[in-house]
Undergrad: 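Here it is, the structure in full.
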Amino acid sequence: MRGITKTFGPVVANHNIDLDIREGEILSLLGENGSGKTTLMNMLSGIYFPDGGQIFLGDREVTIRSPKDAFDLGIGMIHQHFKLVDVLTATENIVLGLKEEGKLNLKAAAEKISAICQRYGFSVDPNQKVYNMSVSQKQTVEIVKVLYRGANVLILDEPTAVLTPQETNRLFDVLRNMRADGKSIVIITHKLHEVMAISDRVAVLRKGEFIGEVATKDTDPQKLTDMMVGRAVSLNIDRPLVEHRPIRLEVKNLTVKSPDGVKALDNVSFTACGGEILGIAGISGSGQKELLEAIAGLQHPLEGSHVIYYPPTSDEPIAGHHVPVDKKGEELLGKDPLQIHKIGVSMAFVPEDRLGMGLVGSMGMIDNMMLKSYREGRGPIADRKAPKVLAEQVRKELEVSTPSLTTPVRRLSGGNVQKVLVGREIASAPTVLMTAYAVRGLDINTSYTIYHLLNEQKAKGVAVIFVGEDLDVLLELCDRILVLCAGKVNGIVDGRNTTKEEVGLLMTNLRKEAQRV
Amino acid sequence: MIQLLQSAIVFGTVILFGALGEILTEKSGSLNLGVPGIMYLGGIAGLASAFAYESSTPDPNPLVCLLLSLVCAFLASMLGGLLFSFLTITLRANQNVTGLTLTIFGGGIANFFGGSLNKLAGGVGQISVAVTSGAYRTNIPALANLGWFGRIFLSHGFMVYLAIIMAIVLHWFLTRTRTGLNLRSIGESPATADAAGINVTRYKYLATCIGAGISGLGGLYYTMDYIKGTWASEGTIEALGWLAVALVIFAVWRPLNALWGSYLFGVLTWLYLYIPGLNRRSLELFRMLPYVVTIIVLIVVSLRRKPENQPPAHLGLPYFREER
């Protein structure tokens with residue numbers, strides 16, 4: 001690939017990237033979230049079309065306009081989200097859409113699949129239905145599907161994100177077999193130890209630019225982290241120190257299983273204090289979502305998990321807004337979100353996908369404000385005045401640009417939607433405020449408005465939990481940073497005395513001590 | 001008893017055509033609730049074309065009558081399906097609303113033309129397409145006289161057997177052919193099918209239109225065979241159309257289940273005539289039976305939670321490629 005450029009509107013996802021993929025080699029593509037790894041590979045597999053640059057296969061320049069073009073050239077990509085039909089068997093899924101001659105012969109196809117499996121050491125039952133399969137089996141079917149179509153270049157987008165360590169090892173064995181067979185493999189990943197274990201070469205992207213490539217044997221995780229993170233951009237975010245920091249929330253041995261049976265959170269323990277912003281760092285899918293949802297009452301943690309809430313004492317400014325609870329602490333687990341709200345424990349929760357869980361897209365600002373308040377007041381008729389005042393206030397303070405307060409929020413731009421959501425959550429006068437990716441997709445100005453709002457809450461004595469993607473921001477904003485790695489607490493560091501490198505390493509390398517816990 | 005089974009097969013056939021078309025449509029992910037309307041369209045188009053031909057020719061040829069009405073019924077129903085496809089697939093209108101509208105539309109159009117035909121013919125019940133209707137009801141006397149078996153199973157017009165053949169062909173198509181596999185995958189997960197290079201829009205259009213054509217044959221069979229080539233606007237076609245929709249669920253989207261299910265529905269529909277001592281009130285209870293059975297099947301299927309027995313996963317939902 002030479003000089004590849006791709007832009008989405010004003011955002012440059014890839015800028016002038018040169019990348020070589022060699023035969024019989026495993027290449028790791030490394031980079032932070034949003035550094036353009038997946039975009040780059042999507043252009044190889046025909047999902048996106050590059051705005052500039054050329055792609056060569058051998059000596060020949062090729063044009064890839066659709067996934068079918070890519071298949072014809074022998075390029076296949078295995079996406080993070082599998083594209084399989086649940087009620088069909090493995091074989092049926094694999095032959096789906098192929099235009100082979102003659103009539104459909106599933107037996108012959110099953111034999112061909114078995115042959116592929118034997119060659120590379122997969123284990124797939126061609127007649128098993130997909131809905132009976134584990135995640136790793138589904139992934140195997142996806143890989144076989146690509147091989148069945150005769151691919152020579154395989155691209156795997158974060159293949160290990162959903163696998164257990166044993167399954168990961170098995171996958172790597174298969175990949176090594178394919179390498180021995182002369183296939184080219186590109187693996188997109190965040191996990192440094194996997195990069196070291198499997199790849200021959202590493203290419204690093206940062207913010208859409210190609211930083212460099214190194215042979216795996218000449219490098220180590222520290223050097224790669226340096227390349228991946230680059231120099232820290234100085235952002236000046238206020239970080240006032242609040243002297244009085246009572247414990248507000250104590251999480252003990254929290255374990256949550258995902259529907260697939262994988263432990264999304266494994267024995268997580270920490271405390272969150274009022275007057276403090278606790279940052280949560282980790283590569284995406286390390287359990288951030290589950291952690292916040294467990295506290296908010298949206299998950300069902302396993303036995304032995306505790307989330308204990310300590311109410312503010314009466315001399316704190318935020319006290320008195322809520323129904324009093326046991327001063328010695330109240331267990332939150334086992335209560336549903338409404339109960340948690342009713343006993344006065346208020347959680348302001350900004351979900352990862354803001355429209356999906358946070359707001360109703362077809363309603364206007366006023367109605368969305370009402371979602372949190374319609375249970376208050378007497379009589380069957382909801383009070384519309386208070387939300388209207390609130391909506392007006394949010395609009396003014398956060399400079400939400402909307403044609404009117406009744407315009408469906410779906411029609412607002414992403415940044416404005418986010419402002420509406422954050423504004424509403426803060427307006428509920430919480431004692432614990434949880435946000436996930438509160439500034440995702442926001443421009444610098446708005447981001448700073450939101451940081452400012454969070455700091456205001458912190459000064460009032462609210463315990464703020466801030467899940468973020470951008471390490472620079474976490475380091476500037478948070479008093480303490482909890483680093484999650486594969487669902488475990490891999491360390492809690494002081495935001496004032498840590499370095500980006502330290503956090504970065506904690507994010508990607510599970511420490512030995514943490515592994516034993 | 002023999003009479004009950006005979007009439008059960010007649011009604012069953014009407015339902016079976018409707019259900020087979022709807023199975024094909026729903027397997028592509030389109031939930032067309034316009035089946036009753038489409039059956040109306042099929043019925044009136046067949047009748048009108050036969051009436052026009054017979055009244056313009058002094059000596060109508062039975063074969064021409066037959067083919068003409070068959071083709072017209074199929075085409076008119078396909079037009080109904082095309083309208084539904086355009087609204088729901090191209091314009092992405094809500095499928096439930098569109099389907100229900102189509103039912104009302106089809107009934108209205110058919111009764112309008114039915115009334116006009118009655119007037120042309122000189123009064124209610126005066127429409128005469130004797131030759132066409134005769135052609136539809138022709139059976140093979142030697143077989144029809146083979147004792148009780150012949151009278152129940154072999155004394156019908158050809159449409160009864162056409163429906164059976166169609167059920168078997170549809171089953172074979174859905175389970176054994178490449179096209180059938182592609183079609184099923186579209187109903188389950190259009191995004192997957194799209195990524196595999198299948199033209200989702202074309203498949204959905206074709207399945208919905210051909211499905212509607214097949215459903216419409218049910219209306220044709222009802223007008224030509226059961227009411228012997230006249231027009232009655234008392235709404236039986238609509239009732240049978242809804243039974244066809246229920247049968248699709250009853251048969252858990254499998255043509256072969258629809259085959260025996262349709263005759264069962266036929267028996268259940270007529271059962272009240274053969275139970276002594278029913279008054280107007282208790283009679284209605286018996287007429288509910290097909291729907292009660294459908295509800296029971298729905299409950300059992302939902303409780304067992306076997307994915308093969310569930311409706312196509314993407315049934316009733318529009319597909320946008322860009323949407324994530």
Side-chain angles (χ1 to χ4, degrees), chain A residues 8 38 42 45-48 64-72 76-109 127-133 138 141-142 145-146 148-149 157 353 355-356 361 410, chain B residues 23 26-29 92 94 169-204 206-207 252-254 301-302 304-315 317-324:
Chain A
F8 294 104
T38 305
N42 274 341
S45 64
I47 310 266
Y48 299 141
I64 303 171
R65 288 187 180 280
S66 71
K68 205 183 153 294
D69 288 353
F71 276 133
D72 292 345
M77 182 157 170
I78 292 107
H79 297 270
Q80 249 177 310
H81 304 283
F82 305 136
K83 286 194 185 300
L84 295 171
V85 180
D86 280 349
V87 296
L88 300 184
T89 63
T91 309
E92 286 172 324
N93 264 294
I94 288 166
V95 300
L96 189 65
L98 284 181
K99 290 185 181 64
E100 286 176 342
E101 288 296 308
K103 74 185 235 277
L104 183 63
N105 190 341
L106 287 177
K107 266 204 196 113
N127 295 319
Q128 196 179 6
K129 303 253 175 169
V130 170
Y131 64 81
N132 282 330
M133 291 185 181
K138 286 181 190 171
V141 173
E142 284 279 20
K145 190 163 142 187
V146 169
Y148 190 92
R149 285 160 163 75
D157 190 356
D353 80 65
L355 266 183
R410 194 183 45 207
Chain B
I23 287 176
E26 292 197 11
K27 277 290 179 189
S28 79
R92 290 167 194 151
N94 181 302
V169 169
L170 188 61
H171 170 78
W172 175 82
F173 167 75
L174 286 175
T175 53
R176 294 275 181 276
T177 66
R178 203 175 288 280
T179 324
L181 177 66
N182 292 352
L183 183 72
R184 278 189 293 151
S185 74
I186 288 172
E188 295 291 340
S189 167
T192 304
D194 198 11
I198 300 167
N199 188 335
V200 175
T201 308
R202 196 175 66 191
Y203 266 85
K204 284 190 96 158
L206 279 175
V252 291
W253 293 267
R254 291 192 193 148
V301 166
S302 303
R304 287 180 59 206
R305 303 189 64 82
K306 211 169 156 228
E308 284 92 345
N309 290 340
Q310 300 302 323
H314 217 256
L315 182 62
L317 304 172
Y319 173 61
F320 308 71
R321 179 183 279 179
E322 288 84 10
E323 196 181 52
R324 298 209 202 185

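We name chains A, B, ... by the order of the sequence lines, and we start the count at 1 in each one.
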Undergrad: Given a strict heavy-atom distance threshold of 4.5 Å, which part of Leu88(A) is in contact with chain B: side chain, backbone, both, or neither?
TA: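 Contact with chain B: side chain only.
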Undergrad: Does Asp72(A) have any salt bridge (Lys or Arg N to Asp or Glu O under 4.0 Å) partners at least two apart in sequence or in another chain, and if so, which?
TA: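 Asp72(A) satisfies salt bridge (Lys or Arg N to Asp or Glu O under 4.0 Å) with Lys68(A) once adjacent residues are dropped.
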Undergrad: Under 4.5 Å, counting heavy-atom pairs only, tell me which of Gly180(B), Ser185(B), Ser189(B) racks up the most with chain A.
TA: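 With the most close heavy-atom pairs to chain A, the winner is Ser185(B).
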Undergrad: Over all heavy atoms of both residues, which pair between Ala196(B) and Arg149(A) is shortest? Give the atoms and the distance, please.
TA: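 That closest heavy-atom pairing would be CB-NH2, 4.3 Å.
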Undergrad: Test of understanding: with salt bridge (Lys or Arg N to Asp or Glu O under 4.0 Å), list the residues that count as partners of Lys129(A), not counting sequence neighbours.
TA: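 Partners of Lys129(A) by the salt bridge (Lys or Arg N to Asp or Glu O under 4.0 Å) criterion, ordered by chain and then number, come out as Glu308(B).
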Undergrad: Rounded to the nearest 0.5 Å, how far does CG of Leu84(A) lie from CD of Glu188(B)?
TA: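 That separation rounds to 12.5 Å.
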